[in-house]
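Reviewing the structure listed below.
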Amino acid sequence: MPIENWLAFTAAAAILLAIPGPTILLVISYALGHGRRPAAAMVAGVALGDLTAMTASMAGLGALLATSSELFTLLRWVGAAYLVYLGLKLWRAPVQEAGAAAPSAGLGRIFGHAYAVTALNPKSIVFFVAFVPQFLAAGAPFLPQVGVMIATFVSMAAANAALYALLAASARGALRRPAVQRAVNRTGGGLLMGAGLLSVLWRKAPA
């Protein structure tokens, strides 16, 4: 694809990824609760989730969801319910005393959560199918261009998730007091539940 198209796509993707969404909220919550240990699992889940959503979009699923209110509604409810469930778990998560070791966390479970939240976000699927074609060169082969954009976006999403995880893990040392941890858990849980409710209230997909 032409370099100017790729640069425009990269700039637009960077702006999109800089805005924290449900996936980044989940990454921050795990990093605050468990430190840097689950960072690789979270990043892998985010990368695979974005790869799934973007590939599905380019394969035609995004167009189907954008035109079928029943399928779009079903996916929206599934994703929203999962976000609310994660938010409730975080809200009720126990806090640890100062100096105590971080509670154990299954890396497979963390990977699955990050993947599901990223891949089941209906806005991402519809966004990709509406957004990506704007950067395609009409005279160039379709598949190579899509491959480049998928690789670019997934790489940037993984790097973005890793950066947020490391920053949150670094700040974790200043959040040892149980009262502060409880406030962080409830704030993050409330944001995740709010994101789930907002995804339900988002009635109409972009054209």
Side-chain angles (χ1 to χ4, degrees), residues 13-54 78-125 127 153-200 202:
I15 294 172
L16 171 69
L17 291 169
I19 303 171
T23 296
I24 294 303
L25 291 176
L26 185 67
V27 167
I28 291 173
S29 298
Y30 272 126
L32 288 176
H34 304 288
R36 298 185 180 185
R37 175 175 171 267
M42 289 188 294
V43 171
V46 170
L48 186 59
D50 275 320
L51 177 62
T52 300
M54 201 168 184
V78 170
Y82 194 74
L83 288 174
V84 172
Y85 164 74
L86 291 178
L88 285 171
K89 284 193 65 176
L90 180 59
W91 182 282
R92 300 171 59 185
V95 298
Q96 56 189 105
E97 297 299 327
S104 61
L107 296 182
R109 183 182 297 272
I110 291 175
F111 169 83
H113 284 176
Y115 171 78
V117 169
T118 306
L120 291 178
N121 185 352
K123 288 186 182 180
S124 295
I125 297 176
F127 171 82
F153 190 90
V154 170
S155 298
M156 292 175 66
N160 184 63
L163 178 60
Y164 270 106
L166 293 176
L167 289 175
S170 298
R172 180 171 170 264
L175 302 174
R176 293 295 187 183
R177 289 188 298 152
V180 177
Q181 293 179 47
R182 189 174 295 108
V184 170
N185 286 348
R186 292 183 176 179
T187 299
L191 289 172
L192 283 171
M193 289 186 282
L197 294 175
L198 284 175
S199 69
V200 171
W202 193 57

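Values below: all heavy atoms of this structure, side chains included; hydrogens, waters and symmetry mates excluded.
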Minimum heavy-atom distance R36-S170, with the two atoms named: NH2-OG, 3.2 Å
A162: partners by side chain to side chain contact (heavy atoms under 4.5 Å, CB included), with sequence neighbours left out: V43
pair V46-Y115: side-chain heavy atoms closer than 4.5 Å: no
Validation row: M42, L26 side chains within 4.5 angstrom (heavy atoms): no
Aromatic plane relationship, Y85 with H113 - under 30° parallel, 30 to 60° tilted, over 60° perpendicular: perpendicular
Set of side chain to side chain contact (heavy atoms under 4.5 Å, CB included) partners for L88, sequence neighbours left out: V84, M193
CG-CD1 distance between L167 and I28, expressed to the nearest 0.5 angstrom: 8.5 Å
Separation between CD1 of I24 and OG1 of T118, rounded to the nearest 0.5 Å: 8.0 Å
Nearest atoms (heavy-atom pairs only) where A31 meets A165: CB-O, 3.4 Å
Heavy-atom pair of closest approach, residues V154 and A47: CG1-O, 3.6 Å
F153 vs L51 side-chain heavy atoms within contact, under 4.5 Å: no
